[in-house]
Number of protein chains: 2
Amino acid sequence: MHRPRKEMIAETRAKLIAAARRAFGTIGYAEASMDDFTASAGLTRGALYHHFGDKKGLLEAVIAEIDGEMAVRVNEVASRAPTRWQHFVDECTTYIEMALEPEIQRIMFRDGPAVLGDPAQWSNANACVGSMTDHLTALQGEGVVVPSVDPETAARLINGASSQAAQRIANSDDPEATSKIVVAAFKQLLEGLLRKPASQQS
Amino acid sequence: MHRPRKEMIAETRAKLIAAARRAFGTIGYAEASMDDFTASAGLTRGALYHHFGDKKGLLEAVIAEIDGEMAVRVNEVASRAPTRWQHFVDECTTYIEMALEPEIQRIMFRDGPAVLGDPAQWSNANACVGSMTDHLTALQGEGVVVPSVDPETAARLINGASSQAAQRIANSDDPEATSKIVVAAFKQLLEGLLRKPASQQS
DNA sequence: TCAATTGGCATACGAAGCGTATGTGAGTAG
DNA sequence: CTACTCACATACGCTTCGTATGCCAATTGA
């Protein structure tokens, strides 16, 4: 039998990622003891070092997994929507909603950048921004969005605003009410990208 | 003599903050050994714990200092400018320029949020956002900015976009050229806040 | 001026946590 | 069946952190 072997290895990797994800998402990367969360997966640090090199390597793996999940969720919501612009806006607001989840917020927007540096430089995790960039490019082709902005740049800026939006909602006393206010402001900013019907440039 | 005593204490605090600021700004908060950088100031961890409680407390002090400096610099640039809207835009771009400095980027936008949490909740360091909020409020009063957005929320979102803008420029191969592209996209987003002359809403 | 006291800062100690070097046993190939 | 590979555990030393304790200069009050 060749399979059981490979399957066990894959399972070990998966268990480590799952355990680390739980730890990173709750108590945070810095506070998460490798001894503790590997033990919670029924393993030791030996397995961790073997598969991921070090703690940062494991974080990268966790981030890649989450990024993949986020991309799927964004695309699901994005698929339905009357216009492409609406599609794009939905994508952004979905992004904000996901960033509300403590695990995503902590790992993707807080500890991740602190430990691994600028997310734009992450080799494995940029599916969401890539999707937004594609839509902006298409919208420019359709004449909906002003042609002067660089799509990827705009996507990154929007990404930054989304992160702040999510934090503001999450830390609010009244998330429901705050959400309305924040999303409204966010959409208002997005309108800056739209080509205005009559006049132009200020 | 009552002064020398107080002066020595203040000097000790200042030396600790300066040493920590240097360490945090270069190698980063996590990698900065308290033994090392206190020694570089001719002191020990004893002084650090006495004055700041712990490493995080010292980081807070460093952040408060930097925030104060940033507020001064923003206000300097802000003072001259023909219109209030231009004033506001200049404020934002100055903010981006400051975020380009490695020390500020690392401490204020990377390690700070990772260690202390959402910057919006920092009690001592919010001068810059406060200033932007004030200007947005005034601009709404003048009818320049759409009345529907919450000023502080907008300021926070812009802040997030600024941070991303700075990172994008800083990590670029050609910062000069990238800067133009990024700032252009940033300003475009800001225009979403402007009340349009003729039509409205899309 | 001199004792008592405060408090600023250093030293000493214990507890984790991390990374590496090494060991071991199960699977695999020739 | 033997030798090798490799997934993973164990063991060790180093660094770092937090606290408990000690010391000495500066201040205070008589």
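Chain naming here is simple, since letters A, B, ... match the order of the sequence lines and numbering starts at 1 in each. Since we're looking at a predicted model, the values are computed, not measured.
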For A:F24 and A:Y29, take the angle between the two ring planes, folded into 0 to 90°, and tell me which bin it lands in: parallel under 30, tilted 30 to 60, perpendicular over 60. tilted

Whole Å only: how far is the CD1 atom of B:I27 from the P atom of D:dT15? 15 Å

Going from NE2 on A:H50 to OG1 on A:T44, what distance comes out if it is rounded to the nearest 0.5 angstrom? 11.5 Å

Rounded to whole Å, the NZ-C1' distance (A:K6 to D:dA7) equals 10 Å

Can you tell me the distance, in whole Å, between the CZ atom of B:F52 and the C1' atom of D:dG18? 17 Å

Can you tell me which nucleotide in C:dG19, C:dG8, C:dG17 comes closest to the side chain of A:D54? C:dG19

Please confirm whether the shortest side-chain N or O distance from B:H50 to OP1 or OP2 of C:dC9 is below 4.0 Å. no

DNA chain C: B:G42 or A:S33, which has the more 5' nearest nucleotide? B:G42

From C:dC9, C:dG19, D:dT16, nucleotide with atom closest to A:Y49 side chain: C:dG19

Side-chain N,O (B:T12) to OP1/OP2 (C:dG8) below 4.0 Å: no

When the distance from CE of B:M34 to C1' of D:dT15 is rounded to whole Å, what number comes out? 14 Å

Taking atom C1' of D:dA9 as reference, at what distance in whole Å does atom CG of A:L16 sit? 13 Å

With the criterion being N/O to N/O and under 3.5 Å, what pairs connect the protein with nucleotides 10-12 of chain D, and how long is each?
none

Under a 3.5 Å threshold, yes or no: a donor from one side chain and an acceptor from the other, between A:R168 and A:T178? no

Between B:E11 (CD) and C:dG8 (P), how many Å, whole number? 15 Å

A:H87: what forms a ring pair (Phe, Tyr, Trp, His ring centres under 6.0 Å) with it, not counting sequence neighbours? A:H135

Distance check needed: C:dC9 P versus B:L48 CG, whole Å only. 11 Å

Is there a side-chain contact between A:L16 and A:F52 (heavy atoms, below 4.5 Å)? yes

B:D67 side chain to B:I63 backbone, donor-acceptor under 3.5 Å: no

When the distance from CD of B:E7 to C1' of D:dA25 is rounded to whole Å, what number comes out? 16 Å

Looking across every strand, which nucleic acid part, if any, lies under 4.0 Å from B:A32 by heavy atom: base, sugar-phosphate, or nothing? sugar-phosphate

Before you tell me yes or no, could you show the steps for B:V183 and B:T93 under side chain to side chain contact (heavy atoms under 4.5 Å, CB included), namely the whole-Å CA-CA distance, both residues' side-chain angles and the distance that decides it to 0.1 Å? CA-CA 7 Å; B:V183 171; B:T93 53; 4.1 Å; yes

